[in-house]
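Keep in mind that what you see is a predicted model, and the values were worked out from it rather than measured. First the proteins, then the strands, lettered A, B, ... as listed; each starts at 1.
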Amino acid sequence: MIPVLFILVPLLSGLVGFFIKNGNAAKKWSLFVSVVTLVISLYSLTLGKNAPALNYSASWLPSLGSKFSVELDGLSVILTLLTAVSFPAIFIATYNKEYKNQGNFYALMLLSQAGLMGVFVATDALLFYFFWELALIPVYFLCSIWGGDRRIQAAFKFFIYTFVGSLLMLIGIIYLYLHTTDHSFSLQSFYKLKSYIPAADQTWLFWLFFVAFGIKMPIFPFHTWQPDTYEQSPTAVTMVLSGVMVKMGLFGLIRWLAPVLAGGTWLWGDTASALCIIGMIYASLIAIQQDDLKRLVAYSSIAHIGLMCLAVFATTQTGLQGVMIQMFNHGINIIALWIVVELIERQLGTRKISELGGLAQKAPVLSILLVVVALANVALPLTNAFVGEFLMFSGIYTSTATTYNVVFTVTAGISIILSAVYMLNMIQKVFFGNTNSLTENVRDIQWNEKLILVALVLLIVLIGIYPQPALELTKTTVDTIITKMNAKF
Amino acid sequence: MSPTQILFWFLSVLAIFSAIMVVASKSPVHSVLWLIVVFFAISGHYILLNAQFIAIVNLIVYAGAIMVLFLFVIMLMNLNAETEPQKNKWLKIAGVIAGGALLMVFVAALKNADLKNQLAQVNQGEIGLISNLGMALFHDYVVPFEVSSVLFLSAMVGAVVIGKKE
Amino acid sequence: MPINYYIFLSVALFCIGVAGVLTRRNAIIIFMCIELMLNAVNLLLVAFSKMHHAALAASNASAGINGQIFVFFIMVVAAAEVSVGLAIIVMMYRNTHSVDVNFLNRLKH
Amino acid sequence: MNAIILSAAWGVVMMFSGAFSKSKVVIRYLAIAGAAFLIIANLADLYSQGNPFFHIDTKEMLTFNVFGLLVNTIAFASTLIYFLLSAKDIEDVGTNSGEYFALIFFVLCGVSLVTSYNNLLILFIGIETLSIPLYILTGSSKRNLKSNEASLKYFLMGAFSTGIMLLGIAFLYGASKTGSFFIDDIGIGKTPASPLFIIGLILLTTSFSFKVSAVPFHFWTPDVYDGSPTVFTSFMATVVKGAAFVAFIRLFADSFTEAEPKWRLIIAIITAATLFVGNITAVFQQSVKRMLAYSSIAQVGFMLFAILGVSLKTNTAQEGILLYITAYSLASIGIFAILTRMKDHSFEGFNGLAKHQPLLAGVNTVFLLSLAGIPLTAGFFAKYYMLVTALQTGNFFWLVIFAVLCAAVSVYYYFRVIQAMYFKEGERQEIEASPAFKSLLVIVAVTIVLIGIFPQWLISKLSIIYF
Amino acid sequence: MSKLVYLVPLSPFIGFLLNGLLRKNLSKSLTGIIACGTVLVSFIVSLLIFFDVRKDGFETEIVSLFNFIHIGALKISFAFQVDQLSVLFLLIITGVGFLIHVYSTAYMHDEENDHFARYFAYLNLFVFSMLILVLGANYVIMFIGWEGVGLCSYLLIGYWFKNVEYGNAAKKAFIMNRIGDLGFLIAVFWMISKFGAVTFSEVFSKAPTAPVAVLTGITLLLFIGATGKSAQIPLYTWLPDAMAGPTPVSALIHAATMVTAGIYMIARSNIMYTLAPTTQTVIAIVGTATALLAASIAVKQNDIKKVLAYSTVSQLGYMFLALGVGAYTGAVFHVMTHAFFKALLFLGAGSVIHAAHEQDIRKMGGLKKFMPVTHITFLLACLAIAGIPPFSGFFSKDEILSAAYEKNKIYYLVGAFTALLTAFYMFRLYATTFLGKFRGTSEQEHHLHESPSAITIPLIILAILAVIGGFAGIPEVFAKGSHWLHQFLSPVFAGSEKIKEVHVVAANQELMLMAVSVGVAIVGVVYAWSKFSKNPELEDAKGFGKLLADRWYVDELYNAIIVKPLNAFGKFLNEVVEKSIIDWMVNGVGKAVQYGSRQIRLLQSGQVGGYVLLMVIGMVILFIVEIFIKK
């Protein structure tokens with residue numbers, strides 16, 4: 001029943017939200033709802049594995065062989081948790097921001113949350129596709145109503161881009177569905193497919209799915225929508241996009257592509273991995289050049305996602321474990337980064353790194369917190385990201401799915417150095433050095449921002465020091481997926 | 001060469017020639033007249049095929065009623081050759097070519113059809129006679145017959161709607 | 001009479017009609033060309049009906065009659081169409097004092 | 001049978017009502033009642049399999065199967081909604097509204113003919129009954145030159161295509177062994193196709209493509225839809241097009257199934273061309289009305305997948321087309337109803353609608369999303385079915401890919417309207433929308449969403465069909 | 001006692017938290033007490049542990065705190081390893097660390113309250129990470145400390161963050177370390193995939209079975225890590241810049257402790273290195289080269305801290321030379337002695353800077369009479385580093401040199417020459433700073449004074465250590481078993497010695513070597529003293545000297561071949577590839593659609609004739625397809 005709650009609570013309360021005319025009421029309402037969701041998700045952690053409450057299935061379209069079946073396995077748990085954590089964080093962090101007709105804004109935010117939750121819990125391909133699209137629509141509206149000057153074009157580019165991808169995926173889904181023995185969309189019957197799909201079809205099917213997911217992640221060269229969209233959308237939405245939404249791509253890869261089309265994944269893993277690595281280096285090098293904070297974070301995010309995708313293709317237990325935990329870590333880290341960006345922009349009205357400087361004198365708390373987050377972003381030990389990246393790298397290195405594992409590890413490793421370069425550059429230019437006329441009268445962060453940033457930082461350090469529980473969470477799922485991936489044809 | 005054949009060839013040539021004249025002739029009135037000639041030729045063919053009823057109807061309905069209607073309209077608008085300035089020559093040529101191409105395609109499609117032994121029965125066979133047609137029409141084809149009344153009704157209403165002064 | 005003759009004859013007439021539709025710009029004449037096409041069809045139908053009659057008369061005395069019935073209906077419908085068509089053309093003429101289809105280009109692209 | 005007779009009869013009634021009653025309101029309600037009555041009669045026909053009100057021996061000229069009857073129901077239902085939404089606008093077109101309604105009912109008669117024909121003769125008469133009143137309706141705003149022009153264009157080209165269809169029928173007649181017009185006999189089965197048959201096939205394909213406005217026989221569509229009064233455009237684009245398509249699929253499903261390899265390719269080509277031209281051309285349009293015309297062409301491109309699928313053992317094609325017609329008609333009627341009330345039919349006309357008329361904007365968004373085939377709307381399942389059909393045949397993978405790319409393009413122009421409504425600023429314009437009108441629109445939108453979530457109630461009805 | 005080892009890192013960590021979180025509210029004295037106190041605690045605990053360890057029959061102790069990462073076969077637990085090596089480093093770190101903390105309380109006294117606290121927080125954090133580094137029982141934990149100290153050095157170098165130059169220096173240090181760390185990481189992954197473990201015990205037990213190639217690879221990668229951390233060629237350039245940080249920091253991090261992490265790591269993994277002779281050669285060569293290069297540069301530096309920095313690099317080079325020739329004890333020994341006298345030198349320099357507010361030695365001179373304590377201690381330190389017996393430096397350096405001689409004469413010659421240079425530049429520094437007469441401005445001269453006791457006391461203690469420290473390892477030639485350190489550490493290096501025993505040099509030979517090294521040292525000292533005590537060189541160097549003064553232009557070289565090209569490439573990607581190629585394509589599709597739309601709609605000419613024509617053509621095409629193409 002819990003997964004259903006994940007979807008229904010935000011959905012219904014979002015619909016209610018449309019009718020709340022008073023902005024602050026809407027704000028409080030949505031904050032409350034998101035906290036409720038968080039509580040539910042924390043409760044779900046306490047339940048043991050495959051407790052009955054964790055999955056639910058109801059008849060939906062019998063004649064099409066599609067059921068409304070949702071489940072919380074390790075993968076879903078960690079991502080729903082991320083979603084549940086992110087939204088309250090976002091709401092609190094942007095609490096002081098005033099949007100025009102907030103009622104709709106928050107309602108749409110909640111709807112997008114519902115969509116995301118749905119994506120992460122669905123175990124029926126058609127249902128999955130439904131939520132995949134539904135998560136997109138509210139974000140589209142959010143971005144193009146409340147965004148920056150070029151918001152309409154940016155959001156539209158984003159929409160079309162992902163829409164093309166999802167349609168291609170739809171073809172793939174239908175094709176698989178037609179080949180299932182029992183004409184059903186359920187994940188289980190998709191798993192049984194292997195023997196029915198010849199290698200030739202595996203190839204193009206793989207690309208149909210991979211393009212869809214690659215656009216969402218995004219993977220080089222499908223990434224160009226991302227910087228523009230991040231730059232243009234209101235920061236709250238950017239947080240949703242980069243914190244949670246990009247995980248949809250990885251999730252799809254892990255849940256719907258790699259285990260189902262193991263053959264294709266195995267055949268084309270190297271090519272895809274090469275794309276990931278090119279993307280990592282490429283994005284890092286570009287990030288070094290960026291002067292706009294948002295674009296900087298956007299490109300760094302591309303690099304990190306590339307690493308995760310790479311680790312998935314490594315087809316190793318350690319690697320996949322790393323991806324699992326890293327999806328969560330990346331989520332909270334980047335949200336924390338966005339919060340800082342948002343603060344700076346709201347106070348100084350600029351995101352240009354070159355115009356900033358010396359904030360450390362004016363806002364010590366902020367700068368300390370930022371430094372921790374930034375260090376997490378460069379995967380320093382005892383921060384959460386280190387665990388993830390360490391596992392992923394060792395997974396890639398020990399991978400037997402590819403013969404280039406060493407090359408991959410080393411080239412990908414370069415991005416670690418580069419990430420240090422752009423992160424430290426940013427810290428130094430923005431926070432160190434002397435203040436200028438613009439940054440003269442910056443005040444330090446307020447309670448709500450401090451509260452949420454501190455919470456996130458604590459989370460970062462906690463996972464960094466004692467990650468084992470989180471790893472336990474996804475253990476069984478990882479094992480099953482890996483076994484499926486290894487059973488190629 | 002039996003008289004039937006002679007007649008057939010004569011009528012065919014007549015039909016085609018006057019059809020061409022319909023298209024070619026400048027003045028609308030001439031076109032109408034040529035068209036009537038075509039109808040007569042075709043009716044001749046009907047008679048040759050021993051389809052008297054159709055032949056008569058063709059004359060009455062087409063040559064009689066419809067063409068007269070056309071003539072009226074043309075007179076009403078007193079259209080004559082001058083009112084139709086030369087149309088874009090290229091479009092004309094293109095039209096002719098397209099029509100020709102269509103013909104070519106038809107012929108090409110039909111040339112390898114083995115219809116040698118398929119004969120159309122001429123000046124015999126009873127089915128063309130009014131009695132048989134009538135029986136068929138009011139037994140097997142009564143439904144279409146009735147239904148076509150709807151068509152007429154709508155045409156009538158339509159004509160009224162369009163024609164009525166407001 | 002071999003059926004091909006009739007086929008080719010009516011196809012020829014039909015194509016002449018098509019060519020007429022393509023080449024002329026006077027609405028009425030275009031319309032007449034369409035009538036010509038219909039007549040070509042009629043002729044073909046009658047020829048086919050006689051063909052089938054010749055082939056099947058043995059088994060079924062009234063074989064092929066439906067062809068001629070169809071022709072009858074075509075004429076009927078054609079008549080109805082003409083009435084409407086001419087009405088429209090007249091209306092057009094009332095408003096623009098022309099039946100030249102080339103003046104019909106307010107709607108394009 | 002009920003549908004045919006009653007629609008014709010009601011047409012007559014409307015005709016006289018126009019003559020005798022001066023009050024428009026009476027006429028309007030009469031028409032609405034008629035539509036409702038038709039639905040009931042048709043449903044009676046549907047559920048009392050085989051014994052309708054009237055016992056008429058049609059000599060197998062007509063066969064009433066569930067598919068046809070369902071299509072009738074959908075058509076009548078759409079008409080009812082259409083009346084309820086736009087009856088007022090019909091009256092505003094010209095003086096003699098009674099006749100307009102009468103013509104519409106005659107069209108409905110034609111619809112019910114082409115959904116149940118079993119003989120090419122009926123098909124021919126049906127198609128004509130469908131078309132002739134439309135020529136009139138197109139030209140019904142007599143002082144409007146665009147309307148005149150549209151009407152004349154429509155008429156000339158319609159007549160031309162009729163000629164082509166007749167030639168096709170003639171050839172099929174010549175090709176059929178038994179010399180008959182019954183659609184069961186003209187099919188050639190497994191025997192090698194004679195050239196006559198091929199020619200007939202192509203000619204019929206052509207004329208049908210014309211009726212459903214598939215490329216390259218679509219040219220009349222944009223001009224006619226654009227020129228004719230918006231209310232009638234709405235009717236033409238939905239009910240009539242759907243019916244024509246059903247005629248199309250019915251013929252191919254019954255007669256040409258075995259001959260599928262012969263026409264597979266040309267239909268595929270037509271489909272591709274339709275998708276391409278329809279979508280691409282719609283992108284640049286400046287008037288929403290005209291954009292919708294092109295989009296309707298694009299939608300046909302998707303519907304044509306059903307033709308490709310007729311040879312399947314399953315009924316996916318028929319189910320799909322039914323769903324598609326429903327979804328498409330509902331959405332289009334809705335949009336056109338709103339469009340009719342707007343002064344300015346260009347995209348700019350919609351600017352800032354969300355601010356001044358949030359409800360209208362909202363439902364309009366639902367309609368547009370449905371047309372674009374976004375999940376949670378009926379449009380999604382419509383497209384879904386078409387894709388399934390095409391993939392099931394297994395020959396048209398390239399076409400499917402192409403289709404989804406075109407669908408992505410379609411998003412572009414549908415969303416231009418949404419962008420105009422929500423993200424652009426515009427001055428308030430007077431849109432007279434009575435509460436009834438609004439609530440009805442809401443109902444339509446909700447229906448679309450419901451079908452989008454539970455296509456079940458349509459599908460389950462369909463899955464019992466045996467053709 | 002060694003069960004409580006976790007207290008050692010814990011207490012500085014607590015200090016870090018207290019100082020970090022309460023920095024606004026704590027008074028300076030309180031901050032100082034907390035900072036020094038916590039380090040003192042861990043020093044005491046380490047001492048206790050040390051006595052434990054000294055008891056004979058002591059077994060290496062693994063104290064496992066919790067599972068860090070357990071996935072399938074891979075088991076990484078958060079565990080500490082207590083044995084002779086780690087405990088020795090514990091003492092050095094906490095001991096020297098404590099002294100420097102005390103010193104800092106005085107040195108940093110002018111800072112504002114919260115910055116003062118920030119400084120000590122960082123310093124405590126550093127001690128914590130360093131302790132983690134040396135205590136870790138597996139390479140992952142070690143890596144945690146490894147990067148931790150890197151971070152702290154970054155923070156402390158950039159302590160005065162207002163100054164952009166310092167910021168850059170900090171960044172440079174961090175990134176260069178990162179490059180090394182990547183090597184370290186990959187080595188770890190290699191171990192994981194090869195041995196399926198990262199714990200020292202397991203890895204070392206499995207190492208002998210592994211093919212030499214693998215070991216060479218792993219060890220080389222680890223060594224790359226070491227070059228980063230311990231400032232060896234090619235990654236040494238960050239260390240001189242790191243002098244931007246406060247002087248105590250330079251003393252603690254960039255002389256005594258952090259930079260020796262590389263030596264610790266290699267000594268720790270000595271077995272693998274002994275099994276990979278190739279790597280050893282590489283290390284020896286790199287070490288020697290670094291020693292020489294750095295020393296040569298030090299000769300011409302005029303910034304007091306820069307001189308010391310380069311001398312540090314050079315000394316580290318010695319240590320690597322020792323490792324390379326398999327004299328692990330010697331290396332560790334030199335680490336210890338170096339910790340004493342180099343820390344002392346830095347602190348002395350700090351005291352000078354504190355007094356004169358000046359770092360350029362050309363503007364000093366004659367400080368002898370102003371600050372006697374500093375002067376004496378500094379002199380002692382100079383003697384120690386120059387390798388004058390019986391000061392500590394002599395013993396350790398001599399051990400290394402004899403081992404080098406044993407291995408390969410060239411190492412020895414270079415080493416000896418470097419020793420000469422060392423003696424020379426150290427006394428150049430000493431002479432220009434303390435002898436002669438003061439050359440600074442009068443108002444500088446006016447408030448020259450001896451530093452407060454908080455500074456001098458650590459100086460004195462360290463001076464004592466620097467003097468006597470050497471006796472921990474009296475060469476065997478003088479008395480059998482006199483090399484206490486060797487005895488003490490033998491369990492750690494037992495493995496390597498089993499594999500190939502380092503046969504000691506013949507007694508007479510060794511004495512001869514000592515004589516030589518002492519000789520060169522004295523030569524250097526005397527020459528420098530005589531040259532610079534009266535008339536120090538004040539004008540800028542020319543010719544070869546200039547080349548040295550400009551550090552062989554290595555930084556410029558790196559800039560030209562790495563930094564600039566990379567930036568250019570990035571710019572290219574950002575401005576050309578991203579904007580003009582990829583994004584252009586994406587938008588190009590949209591544009592193409594628009595354009596196509598504009599063109600295709602022209603088909604809709606509005607002419608009935610045109611429409612029908614197109615229809616007919618379409619029909620004809622259908623026919624052609626159907627009839628001609630299909631056949």
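Taking the centre of each ring, E:Y119 and E:Y159 come in below the 6.0 Å mark.
Among the candidates A:Q290, A:E472, A:H223, the residue making the largest number of heavy-atom pairs closer than 4.5 Å to chain E is A:H223. Taking A:V371, A:L471, A:I160 one by one and counting their heavy-atom pairs under 4.5 Å with chain E, the maximum is reached by A:L471. Among E:M585, E:E578, E:K171, E:E165, the residue with the largest count of heavy-atom pairs under 4.5 Å with chain A is E:E578. Here E:W190 is the residue among E:F78, E:W190, E:F143 with the most heavy-atom pairs under 4.5 Å with chain A. Ranked by heavy-atom pairs under 4.5 Å with chain A, the list E:L566, E:L151, E:V188, E:N163 is led by E:L151. For chain A, the option among E:I71, E:L155, E:I76 with the highest count of heavy-atom pairs below 4.5 Å is E:I71. With chain E as the partner, the residue from A:Q321, A:Q317, A:Q361 showing the most heavy-atom pairs under 4.5 Å is A:Q361. Ranked by heavy-atom pairs under 4.5 Å with chain E, the list A:D479, A:V421, A:T409 is led by A:V421.
Only the side chain of E:L74 comes within contact range of chain A, judged by heavy atoms closer than 4.5 Å. Of the two parts of A:F222, neither the backbone nor the side chain holds a non-hydrogen atom closer than 4.5 Å to a non-hydrogen atom of chain E. For E:F569, the part sitting under 4.5 Å from any heavy atom of chain A is the side chain, from C-beta outward, and nothing else. When heavy atoms are compared at a cutoff of 4.5 Å, A:Y397 approaches chain E solely by way of its side chain, counted from C-beta outward. For a residue to count as touching a neighbouring chain, one of its non-hydrogen atoms must lie under 4.5 Å from one of that chain's; by this rule A:I281 does not touch chain E. There is no contact between A:K429 and chain E, counting heavy-atom distances below 4.5 Å. Using a 4.5 Å cut-off between heavy atoms, A:I465 touches chain E through backbone and side chain atoms alike. Contacts between E:I144 and chain A at a heavy-atom distance below 4.5 Å involve backbone atoms as well as side-chain atoms. When heavy atoms are compared at a cutoff of 4.5 Å, A:V378 approaches chain E by way of both its backbone and its side chain. The contact between A:I416 and chain E is made by backbone and side chain atoms together, counting heavy-atom distances below 4.5 Å. In this structure, the portion of A:S419 lying under 4.5 Å from any heavy atom of chain E is its side chain and not its backbone. Looking at E:F68, both its backbone and its side chain come within 4.5 Å of chain A, counting heavy atoms on both sides. Heavy atoms of A:N405 lying under 4.5 Å from chain E are absent altogether. Interface remark: A:V406 contributes no atoms to any contact with chain E (heavy atom separation under 4.5 Å). When heavy atoms are compared at a cutoff of 4.5 Å, A:I288 approaches chain E solely by way of its side chain, counted from C-beta outward. For chain E, the nearby part of A:L375 is the side chain; its heavy atoms alone come within less than 4.5 Å. In this structure, chain E has heavy atoms under 4.5 Å from both the backbone and the side chain of A:Q468. Interface residue E:V586: only side-chain heavy atoms are found under 4.5 Å from chain A.
E:C152 has its side chain out of reach of E:Y122: every pair of non-hydrogen atoms, C-beta onward, lies at least 4.5 Å apart.
If you run side chain to side chain contact (heavy atoms under 4.5 Å, CB included) between E:K591 and each of E:V593, E:V589, E:N587, only E:N587 comes through.
Using modelled atom types, one finds a donor on one side chain and an acceptor on the other under 3.5 Å when comparing E:W146 with E:D181. Side-chain atoms of E:N168 and A:Q428 include a donor-acceptor pair closer than 3.5 Å.
The backbone N or O of A:V373 sits nowhere less than 3.5 Å from a side-chain atom of A:N377 that would complete a donor-acceptor pair. Side chain of E:R23 to backbone of E:G20: a donor-acceptor contact under 3.5 angstrom is found. With hydrogens and angles disregarded, no donor-acceptor distance shorter than 3.5 Å links the side chain of E:N574 to the backbone of E:G570. A distance-only check finds no donor-acceptor pair linking the side chain of E:S77 to the backbone of E:N67 [under 3.5 Å]. A distance-only check finds no donor-acceptor pair linking the side chain of E:S580 to the backbone of E:V577 [under 3.5 Å]. A donor-acceptor distance shorter than 3.5 angstrom exists from the side chain of E:Y558 to the backbone of E:P234, with no hydrogens or angles considered.
By the 6.0 Å contact criterion, NZ on E:K206 is enclosed, its count of non-hydrogen atoms from other residues, nucleotides or ligands being greater than 12. Within a 6.0 Å radius of NZ in E:K162, other residues, nucleotides and ligands contribute 12 heavy atoms or fewer. The 12-atom threshold is not exceeded at NZ of E:K194, counting heavy atoms of other residues, nucleotides or ligands nearer than 6.0 Å.
Note on E:E147 versus E:R178: salt bridge recorded, some NZ/NE/NH1/NH2 to OD/OE distance being below 4.0 Å.
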